[in-house]
Amino acid sequence: MKIVADENMPDLDLFRRAGRVVMVPGRDLGARQVADAEVLLVRSVTRVDAALLAGSDVRWVGSATIGTDHLDLQWLAGAGIKVANAPGCNAAAVSEYVLQAALEWARGQERLLGACQVGIVGLGNVGRRTAALMQALGARVLVSDPPREARGELPEYGAWAPLSAVLDCDLVSLHVPLVTDGLWPTWHLLSGQTLAQMGAGQCLVNTSRGAVIDNHALLTRLAAPQPPATVLDVWENEPTPMPGLVQAVGRATPHIAGYSVEGKRRGTAMLWQQFCAWRGMLADVETVTAPAGEAGQGVNSEADLLALLRQRYDIREDDRSLRATLASTDAGAAFDALRRDHGPRHECSGLQLAGRAGPGFAEVLERLGVR
């Protein structure tokens with residue numbers, strides 16, 4: 001069996017048990033490389049549709065990602081091609097990124113995040129985990145997820161609220177898939193009109209998909225008086241985001257919020273398990289865990305919690321790296337290189353706190369997996 005895989009996926013030895021794995025840069029993957037392959041393994045940078053797979057031997061596509069907007073699911077189903085993805089694989093990493101960004105913003109405002117009102121847009125795996133961390137810290141959480149609310153689901157954390165109420169929160173974090181049609185589209189969910197509702201003293205974080213925010217409208221809003229603080233990890237037109245927008249936001253990173261070692265490995269493992277079920281094979285895979293480490297200081301304040309998060313990963317480093325690419329003659333290649341060559345980042349689980357956890361911090365540390 002020939003298996004074509006994005007070269008950025010780890011642990012491909014799992015799939016080598018089933019056939020010959022050919023590794024290809026995800027953005028360069030074309031019809032020629034997959035013509036005689038039976039299995040295709042991708043990440044979000046590869047568009048999988050008729051243009052790529054029509055006439056090929058591919059019968060199983062696995063995407064080691066949460067989202068599926070890069071997959072033409074309707075065409076794939078019609079072509080009889082089985083599709084698998086990895087929902088929740090990097091939820092821990094993304095929620096830790098959001099928590100760090102939020103703590104950094106609150107500290108700059110000389111406020112306590114735990115005393116803020118936090119709005120979560122989208123209550124999937126990442127949104128739910130982010131809401132849990134914020135609520136554990138003491139924040140009041142409001143949630144907007146019309147499809148789940150319409151199905152009669154109850155939020156495990158926070159309370160349902162209309163989008164307009166969520167956008168009035170001190171911190172707003174976006175965790176929705178990119179949907180272009182139907183009852184609840186999310187493409188340009190935050191338009192010029194909705195962005196005008198947010199202002200100084202608020203913070204907007206997007207780690208979902210770039211086109212959930214109208215990037216041109218956001219740049220206009222950030223240039224106007226009293227703009228909200230903004231943290232963007234995802235952009236329209238990746239890998240070439242608008243240079244002016246990269247410069248204008250408070251924190252800018254190259255679509256790496258979920259780029260933990262464990263998140264990537266978990267994604268491959270989840271695909272392997274689904275592949276084995278498709279093939280009728282036994283899926284022998286170990287549980288993915290973060291390496292042990294010691295956090296020497298206690299956590300008795302939000303500043304201590306921020307320092308603990310930065311011990312595993314520091315957003316500021318990726319922010320500096322992305323801004324440095326603006327001077328590059330090939331910004332797109334530089335953006336992709338930052339993702340491809342991203343240094344190892346581990347999740348907080350596995351850390352052991354040597355000091356004490358002060359009142360109000362034990363629950364959030366437990367949810368982070370810190371012992």
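Numbering of residues begins at 1 and proceeds along the displayed sequence.
When hydrophobic clusters are built by joining Ile, Leu, Val, Met, Phe, Trp and Tyr residues whose side-chain heavy atoms come closer than 4.5 Å, directly or via intermediates, L113 is grouped together with L305. Hydrophobic clustering of Ile, Leu, Val, Met, Phe, Trp and Tyr side chains at less than 4.5 Å, counting indirect connections, keeps V39 apart from V42. Hydrophobic clustering of Ile, Leu, Val, Met, Phe, Trp and Tyr side chains at less than 4.5 Å, counting indirect connections, unites V231 with Y259. Both M9 and M1 are part of a single hydrophobic cluster, where members link through side-chain heavy atoms under 4.5 Å apart. By the criterion of side-chain heavy atoms lying less than 4.5 angstrom apart, applied directly or through intervening Ile, Leu, Val, Met, Phe, Trp or Tyr residues, L351 is grouped together with L137 in one hydrophobic cluster.
In this model, a donor atom of one side chain and an acceptor atom of the other lie less than 3.5 Å apart for S63 and H70.
Judged as a side chain to side chain donor-acceptor pair (under 3.5 Å), and not counting sequence neighbours, S321 has no contacts. For T325, there are no side chain to side chain donor-acceptor pair (under 3.5 Å) partners, not counting sequence neighbours.
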task: Step by step, work out the side-chain contact (heavy atoms from CB on, under 4.5 Å) result for D170 and Q117.
output: CA-CA 5 Å; D170 302 301; Q117 185 166 266; 3.7 Å; yes
task: Could you walk me through whether L174 and T207 pass side-chain contact (heavy atoms from CB on, under 4.5 Å), step by step?
output: CA-CA 6 Å; L174 307 180; T207 55; over 6 Å; no
- request: For side-chain contact (heavy atoms from CB on, under 4.5 Å), just list the numbers for Q100 and Y97, CA-CA rounded to whole Å, side-chain angles, deciding distance to a tenth of an Å, and then say yes or no.
  value: CA-CA 5 Å; Q100 182 177 157; Y97 174 104; 5.9 Å; no
- prompt: Under the side-chain contact (heavy atoms from CB on, under 4.5 Å) criterion, do V118 and C169 qualify, and how do the steps go?
  reply: CA-CA 5 Å; V118 174; C169 290; 5.8 Å; no
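Applying the salt bridge (charged side-chain N to carboxylate O under 4.0 Å, His left out) test to residues at least two apart or on different chains, the pairs with a partner in residues 69-85 are D69-R209. Residue pairs meeting the salt bridge (charged side-chain N to carboxylate O under 4.0 Å, His left out) criterion with at least one partner in residues 287-301, sequence neighbours excluded, are absent. Screening residues 141-155 for salt bridge (charged side-chain N to carboxylate O under 4.0 Å, His left out), with sequence neighbours left out, gives D145-R148, R148-E153, R151-E153. Applying the ring pair (Phe, Tyr, Trp, His ring centres under 6.0 Å) test to residues at least two apart or on different chains, none of the pairs has a partner in residues 177-211. Evaluation of the ring pair (Phe, Tyr, Trp, His ring centres under 6.0 Å) test over residues 147-169, restricted to residues two or more places apart or in two chains, returns none. Within the structure, salt bridge (charged side-chain N to carboxylate O under 4.0 Å, His left out) pairs that include any residue of residues 352-365 comprise E363-R367 (at least two apart or interchain).
The pair D6-R43 fails the salt-bridge criterion, with no side-chain N (NZ, NE, NH1 or NH2) lying under 4.0 Å from an Asp/Glu carboxylate O. One finds no salt bridge joining E38 and K2 here, because no Lys/Arg side-chain nitrogen approaches an Asp/Glu carboxylate oxygen to under 4.0 Å.
The shortest distance between side-chain heavy atoms of H175 and N125 does not fall below 4.5 Å. Between L40 and L52, the closest side-chain pair of non-hydrogen atoms falls below 4.5 Å. No side-chain heavy atom of W60 sits under 4.5 Å from any side-chain heavy atom of R279. Between S56 and D36, every side-chain heavy-atom pair lies at or beyond the 4.5 Å cut-off. Two residues are said to be in side-chain contact when any heavy atoms from C-beta on lie closer than 4.5 Å; T194 and L189 fail this criterion. Using a 4.5 Å heavy-atom cutoff, the side chains of I213 and L195 are in contact. Annotation: side chain of N300 is not in contact with side chain of F361 (no heavy-atom distance under 4.5 Å). Side-chain contact between E262 and P291 is present, with heavy atoms from C-beta onward closer than 4.5 Å.
In terms of heavy-atom proximity, I120 sits nearest to V166 at N-CG1, 4.0 Å. Closest heavy-atom contact between T268 and P10: OG1-O, 3.0 Å. Pairing each heavy atom of A283 with each of W272, the nearest pair is CA-NE1, 4.1 Å. When all heavy atoms of R345 and A257 are compared, the pair lying nearest together is NH1-O, 2.7 Å. The two residues Q297 and L353 come nearest to each other via the heavy atoms O-CD1, 2.8 Å. Taking every heavy atom of both residues into account, R323 and A252 meet most closely at NH2-N, 3.9 Å.
Members clustered with V234: none, using a 4.5 Å side-chain heavy-atom cutoff among hydrophobic residues. Other residues sharing a hydrophobic cluster with V288 under the 4.5 Å side-chain heavy-atom criterion for ILVMFWY residues do not exist; the residue is a singleton.
Taking CG from N237 and CZ from F335, the interatomic distance works out to 11.0 Å, rounded to the nearest 0.5 Å. Of the inter-residue distances, the one linking C276 atom SG with L282 atom CG reads 7.5 Å to the nearest 0.5 angstrom. Rounding to the nearest 0.5 Å places CG of D233 at 3.5 Å from OG1 of T253. For the atom pair CZ of R265 and CG of N90, the computed distance is 15.0 Å after rounding to the nearest 0.5 Å. Put simply, CZ on R266 and NZ on K264 are 13.0 Å apart, with the number rounded to the nearest 0.5 Å. Taken from OG1 in T65 to CE in M270, the straight-line distance is 10.0 Å, to the nearest 0.5 Å.
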Distance-only check: which donor-acceptor pairs under 3.5 Å involve side-chain atoms of residues 15-27, not counting sequence neighbours?
from	atom 1	to	atom 2	distance (Å)
R16	NH1	D13	OD1	2.7
R17	NH1	D284	O	3.0
R27	NE	D336	OD1	3.0
R27	NE	D336	OD2	2.6
R27	NH2	D336	OD1	2.8

Less than 3.5 Å apart, which donor and acceptor atoms pair up between the side chains of residues 101-108 and the rest of the protein, not counting sequence neighbours?
from	atom 1	to	atom 2	distance (Å)
E104	OE1	R251	NE	2.9
E104	OE2	R251	NH2	3.4
E104	OE2	R310	NH2	3.0

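When the shell of 6.0 Å around CD of E7 is examined, it contains more than 12 heavy atoms from other residues, nucleotides or ligands.
No donor-acceptor pair closer than 3.5 Å links the side chain of N85 to the backbone N or O of T68. Distance alone, capped at 3.5 Å, places no donor-acceptor pair between the E96 side chain and the A93 backbone. Remark: the backbone N or O of P228 is paired with a side-chain donor or acceptor of T230 at under 3.5 angstrom.
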